[in-house]
**Q** 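Let me give you the structure first, and then I'll get to my questions.
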Amino acid sequence: MMNTLNTEKSAEKPFRKTGNPVELTSESPLHPRRKSHRIMVGSVPVGGGAPISVQSMTNTLTANVPATLQQIAELTAAGCDIVRVAVPSQDDADALPEICRKSPVPIIADIHFQSKYVFQAIDAGCAAVRVNPGNIRKFNEVGPSICKAATDAGISLRIGVNAGSLDKELYAKYGGPTPEALVTSALKEAHMFEDVGFHDFKISVKHHDVITMVETYRLLASKGDWPLHLGVTEAGPAWQGTIKSCLAFGALLAEGIGDTIRVSLSAPPVEEVKVGCKLLEYMGLRPRKFDIISCPSCGRAQVDVIQLASAVTEGLKDVTAPIRVAVMGCIVNGPGEAREADLGVASGNGKGQIFIKGKVIETVPEDQIVDTLLTKAQEIAAQMEADGLVPVNATGPVVVPIQHPNR
């Protein structure tokens, strides 16, 4: 009986303190990952329990090699794992060898309509090619050759459909880009590749509507073990697109569905990466990095919380150590709510209580709050760097609103 009790006790999940870095990032704390087979995109594993990767796409002219490489470097610095480049012209295809040779991360060539560019991309050393069989002419004829070329080069492909490229017959049959229509199209493509013995591909079935997108991926996930690339296509401007992507990805990742993601925003590509990395971080799927907890403004606050949080964020924008800074507008709940923060302030009555790990260490006048927090944060960050605790590709702060429980 004692052994049974001990076993049951050891099987219990320990309390997960949000102030601690997550060590294992391939499994979600919310749900076991869906089982999928693994493919490789260059050096990055996708599927098969590998950590979820973040992708983005350059918006430069690919033929402009210096500009494209510069943006790839910026994306990599922001935490991007895989970068896709558009190849709509011969000049773009000709630029691929140099880009692939000099890029610090795997490159995916994004190709539509012209199958000849697929072969050029493979020869150029791309880690993968995104092909949409639905808009490549005579794909039934060239598809097997593409699969053979990819197999010989040892690279993977991304296939799949979105609402805008759905086959006309399926559109008519299902009355639009419904989950059933999109999945039927994706299955047709998957079987087309598998019939010639090619299995190194991932699938995307993107839609701009959150609910349709989630239902589509759920349905596809039930049909096979292909690795899945998540995306909300045409998500919109930064604010709207971030909300839509977080809702859709959050729902699916919480169910264990998804092996790689791209947050599609009408914004600079680096912003896509920041959102994607933070989304995975807050879902417990990437190690915790730097963030800022800040409470919303309210009638109890005696300082301008919005201004204070913005000033601290700006002052610490270059800090990448995985510390958490709490900026609280009053002393009622501040230290208690942010006790898991490494550093924080509870403001009010013209002063600020500075605390570390929930313990007040000093009280300073209001006009010294920002400078004091910045100094203390830099000291903590420097110590973490000296101790080797700063993750690779660490990113800067993001403001996280916290709602007081009695509000």
Side-chain angles (χ1 to χ4, degrees), residues 13-14 16-57 72 75-84 103-108 127-128 130 155-158 160 199-204 217 220-221 225-232 245-246 248-264 269-270 272-291 320-322 388-396 398:
K13 293 181 65 176
R16 179 177 168 273
K17 295 184 70 175
T18 58
N20 292 340
V22 177
E23 295 180 358
L24 300 176
T25 58
S26 60
E27 283 294 331
S28 169
L30 299 174
H31 195 283
R33 288 277 295 282
R34 163 186 170 267
K35 295 186 182 302
S36 60
H37 71 262
R38 178 170 295 185
I39 65 171
M40 298 297 297
V41 179
S43 59
V44 177
V46 175
I52 295 169
S53 55
V54 174
Q55 300 187 25
S56 187
M57 187 173 181
I72 291 171
L75 292 169
T76 303
C80 193
D81 301 299
I82 300 167
V83 175
R84 186 154 44 108
S103 172
V105 294
I107 295 298
I108 298 179
R130 187 267 195 266
I155 73 166
S156 59
L157 301 174
R158 175 186 144 200
H199 301 274
D200 291 332
F201 60 86
K202 60 181 178 288
I203 305 178
S204 64
Y217 275 98
L220 179 61
D225 70 343
W226 311 282
L228 301 181
H229 170 72
L230 303 187
V232 179
S245 296
C246 288
F249 293 178
L252 290 168
L253 294 173
E255 297 174 13
I257 297 172
D259 300 290
T260 180
I261 66 171
R262 181 200 174 184
V263 177
S264 299
V270 166
E272 297 184 349
V273 176
K274 289 179 180 179
V275 173
C277 289
K278 284 299 178 184
L279 189 155
L280 293 180
E281 179 183 332
Y282 296 145
M283 290 290 291
L285 288 161
R286 281 206 173 193
R288 180 177 66 80
K289 299 178 183 177
F290 190 126
D291 66 10
T320 58
L389 299 177
V390 180
V392 177
N393 291 331
T395 54
V398 169

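This structure is a prediction, so every number in the text was calculated from the model and none was measured.
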**Q** Side chains of C80 and V105, heavy atoms from C-beta outward: is any pair under 4.5 Å?
**A**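 In short, these two side chains do not touch, never coming nearer than 4.5 Å.
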
**Q** What I'd like to find out is whether the side chain of V41 reaches to under 4.5 Å of the side chain of K202, using heavy atoms alone.
**A**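 In contact.
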
**Q** Give a yes or no on whether the backbone of G48 and the side-chain of S36 come within a donor-acceptor separation of less than 3.5 Å.
**A**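 It does hold such a pair.
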
**Q** Please report the interatomic distance CG(L230) to CD1(I52), rounded to the nearest 0.5 Å.
**A**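 With rounding to 0.5 Å, CG (L230) is 7.5 Å from CD1 (I52).
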
**Q** Flag the pair R38 and D259 as a salt bridge only when some basic side-chain nitrogen lies within less than 4.0 angstrom of an acidic carboxylate oxygen.
**A**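 No, this pair does not count.
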
**Q** Do R286 and K278 have side chains that approach each other closer than 4.5 Å (heavy atoms only, starting at C-beta)?
**A**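 Not in contact.
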
**Q** Can you tell me how far apart CZ (R262) and CD1 (I82) are? Round to the nearest 0.5 Å.
**A**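 Nearest 0.5 Å value for the CZ-CD1 distance: 12.5 Å.
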
**Q** What's the separation between atom CG in D225 and atom CZ in R34, rounded to the nearest 0.5 Å?
**A**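 Between D225 CG and R34 CZ, I get 7.0 Å after rounding to 0.5 Å.
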
**Q** Do the side chain of D81 and the main chain of S53 share a donor and acceptor less than 3.5 angstrom apart?
**A**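 A pair under 3.5 Å: no.
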
**Q** With heavy-atom distances below 4.5 Å as the criterion, would you say the side chains of L30 and M283 are in contact?
**A**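 L30 vs M283: side chains touch.
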
**Q** To the nearest 0.5 Å, tell me how far F249 CZ sits from L279 CG.
**A**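 Nearest 0.5 Å value for the CZ-CG distance: 7.5 Å.
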
**Q** Ignoring hydrogens and geometry beyond distance, is a side-chain donor-acceptor pair present between R158 and S204 at under 3.5 Å?
**A**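 A donor-acceptor contact under 3.5 Å links the two side chains.
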
**Q** Side chain of Y282, backbone of C277: donor and acceptor closer than 3.5 Å?
**A**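 Looks like no, no N/O pair under 3.5 Å.
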
**Q** Taking side-chain hydrogen bond (donor to acceptor under 3.5 Å, both in side chains) as the test, write out the residues that go with S264, two or more places apart.
**A**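 Partners of S264 under the side-chain hydrogen bond (donor to acceptor under 3.5 Å, both in side chains) test: none.
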
**Q** At what distance, to the nearest 0.5 angstrom, does CZ of F290 lie from CD of E281?
**A**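 It is 11.0 Å, given to the nearest 0.5 Å.
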
**Q** Counting C-beta onward and ignoring hydrogens, is there a side-chain heavy-atom pair between H199 and I39 closer than 4.5 Å?
**A**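 No; the side chains remain at least 4.5 Å from each other.
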
**Q** Treating S156 as the side-chain partner and M40 as the backbone partner, does any N or O pair qualify as donor plus acceptor under 3.5 Å?
**A**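 Present.
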
